[in-house]
Amino acid sequence: MLLLSFLSLLALAPYISKATAAHSTISDNGRLAPLKRAITAAPSSLTVEYYEAGPSSGQTVLLVHGFPYSIDAFVSVVPLLVNQGYRVIVPYLRGFGGTRFLYPDTPRSAEQAALGYDIIALMDALHLDTAICAGYDWGTVAVNVATALWPERCTRMVAANSYLIQNRSTAWQPGDPNSEATKWYYYLLLTPRGAAGLAENPKKWTETLWEKNSIGWNFTEEYLDLTVSSLFNPDYVDIAVNFYRNRLLYAPGDPAFTDLANKLDHQPPITVPSVTLDPENSVVLTPTDGSATAKYFTGPRCHYLIPDVGENIPYQAPKAFARAIMEVSRLNASNTSCEAIF
């Protein structure tokens, strides 16, 4: 495995191009706009709301957000990539923003298989053969799954916290008490009380999770309100609750994804070139040197520790996140150096 400190990413700074590729349209209030919609195929059909910028001929990058966040976490990442000629697509996850289920009887599942499938289904709807898939938090789960199961489609990956595909047989194995304490909301959301609280006050929940999960992050009230406006989705609470209940085996998965879910229990490796990032100030998923997850990466990999940043890496450190995508673009079997060369 190839490891470098974050300092090597900084070496890319002089090489950020001022190319004249199509610029993104970003509103003055920090929101990605205007948005588009695409309809994905069964078995879990959605109308996916997404943002797109950059030349249609550019290499496609899919940016996937986490919980409780929105696509606007990438507001400063997008122009950096567009200026390098990338085509950038930023979808809302199921249960967030304007993404909606087409049918009322579709299970509101947020299991890992469903999140990964949604990426491939969106690519199909947009007629994308391949893409670089990049995410953080829940977005890491989604891009891990899509890349592990469909490496011919997600041909390169950038992921915070490396590898989060779960083997369900280990779901009830206890962790260190200090680690378990940071996951208080996992367990609260197993209960009707937790679900009711999330529904009643999504803003306070979001604020509390940000404060507790990212040490020292001085986010603004404006950014908090902007994000929370994307959580007023009719399926938001059901999706948020199901993610943790399914992960802790308190809720079954969607039967349509049984085969995929069984494959994921074997924790398939990531075979494509990858850049993984660990935020120094993350609390729930603590930073590492990447060695603990090395067995899950069989392709070229670079791992970086991002200092002074919590779990929302793209918003807190957009240049580092964008450079990670540029870095993974050049990694291949014959070019495995983690030195930032452009």
Side-chain angles (χ1 to χ4, degrees), residues 1-24 53-64 74 76-90 119 123 128-136 139-140 143-144 146-148 150-163 269-279 289-291 293-294 296-306 309 313-314 317-342:
M1 182 183 64
L2 303 168
L3 301 177
L4 279 183
S5 72
F6 172 73
L7 293 178
S8 63
L9 278 179
L10 296 180
L12 282 173
Y15 301 97
I16 296 294
S17 168
K18 300 186 182 298
T20 58
H23 287 275
S24 56
S56 59
S57 60
Q59 186 174 16
T60 301
V61 180
L62 277 169
L63 303 176
V64 190
F74 297 103
S76 296
V77 174
V78 169
L80 294 173
L81 295 175
V82 169
N83 286 345
Q84 290 290 315
Y86 291 95
R87 178 186 184 186
V88 184
I89 294 172
V90 195
I119 291 180
M123 291 177 65
L128 298 174
D129 292 330
T130 64
I132 297 171
C133 296
Y136 72 100
T140 291
V143 301
N144 279 174
T147 305
W150 293 277
E152 74 283 1
R153 306 294 301 279
C154 288
T155 56
R156 298 173 188 274
M157 185 187 75
V158 172
N161 305 112
S162 298
Y163 189 92
I270 305 295
T271 60
V272 306
S274 301
V275 171
T276 55
L277 311 169
D278 268 342
D289 63 2
S291 59
T293 54
Y296 300 116
F297 293 86
T298 60
R301 178 199 185 193
C302 297
H303 181 80
Y304 300 95
L305 176 68
I306 313 299
V309 168
I313 298 176
K319 291 181 180 179
F321 202 88
R323 289 170 190 154
I325 291 166
M326 298 173 203
E327 174 94 331
V328 82
S329 297
R330 63 165 188 80
L331 285 179
N332 55 50
S334 60
N335 184 5
T336 59
S337 171
C338 286
E339 294 181 6
I341 301 171
F342 274 79

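For the single chain, residues carry numbers from 1 onward in sequence order. FYI, side chains are in, hydrogens and waters are out, and symmetry mates aren't considered; it's all heavy atoms of this structure.
- The closest side-chain heavy-atom distance from E152 to W150 is below 4.5 Å.
- Side-chain polar atoms of D278 and H303 form a donor-acceptor pair below 3.5 angstrom.
- Side chains of S57 and R87 form no contact here, defined as non-hydrogen atoms less than 4.5 Å apart.
- To the nearest 0.5 Å, the span separating OG on S76 from CG on L81 amounts to 11.0 Å.
- A side-chain donor-acceptor contact under 3.5 Å links S274 to the backbone of V272.
- Looking at heavy atoms from C-beta onward, I270 lies out of side-chain contact with T298 at the 4.5 angstrom threshold.
- Side chains of C302 and V328 form no contact here, defined as non-hydrogen atoms less than 4.5 Å apart.
- Scanning all heavy atoms of the two residues, the minimum distance from L277 to V275 falls at CD2-CG1, 4.0 Å.
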Under the side chain to side chain contact (heavy atoms under 4.5 Å, CB included) criterion, do V143 and C154 qualify, and how do the steps go? CA-CA 8 Å; V143 301; C154 288; over 6 Å; no
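- Partners of T155 under the side chain to side chain contact (heavy atoms under 4.5 Å, CB included) rule, at least two apart in sequence or in another chain, are T130.
- Between I132 and S329 there is a side-chain heavy-atom pair separated by less than 4.5 Å.
- Contact of the I325 side chain with the R156 side chain is not registered, since no non-hydrogen atoms from C-beta on lie closer than 4.5 Å.
- Summarising the geometry, atom OG1 belonging to T336 is positioned 9.0 Å from atom CZ belonging to R330; distances are rounded to the nearest 0.5 Å.
- With contacts defined as side-chain heavy-atom distances shorter than 4.5 Å, the pair L63/I89 does not qualify.
- In this structure, Y163 and Y296 have parallel ring planes: the angle between them is below the 30° cut-off, well short of the 60° mark.
- For the residue pair R301 / T293, a side-chain donor-acceptor distance below 3.5 Å is found, with atom types taken as modelled.
- Within the 3.5 Å criterion, the main-chain N or O of A160 finds a donor-acceptor partner in the side chain of T140.
- Contact record, A320 with I306: CB-CD1, 4.3 Å, taken as the closest heavy-atom pair.
- Here the CZ atom belonging to F74 is positioned 13.0 Å from the CG atom belonging to L80, to the nearest 0.5 angstrom.
- Distance check, rounded to the nearest 0.5 Å: CG of N144 to OG of S162 gives 8.5 Å.
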Please walk me through it: do Y86 and M326 pass side chain to side chain contact (heavy atoms under 4.5 Å, CB included)? CA-CA 10 Å; Y86 291 95; M326 298 173 203; 4.0 Å; yes
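- Looking at F297 and T276, their side chains come closer than 4.5 Å, going by heavy atoms from C-beta outward.
- Atom CG of residue L128 and atom CG of residue L62 lie 6.5 Å apart, to the nearest 0.5 angstrom.
- N83 places a side-chain N or O within donor-acceptor distance of the main-chain N or O of P79, the cut-off being under 3.5 Å.
- The shortest non-hydrogen separation linking G85 to P55 is O-CG, 3.5 Å.
- When all heavy atoms of I119 and C133 are compared, the closest pair comes out as CG2-SG, 4.2 Å.
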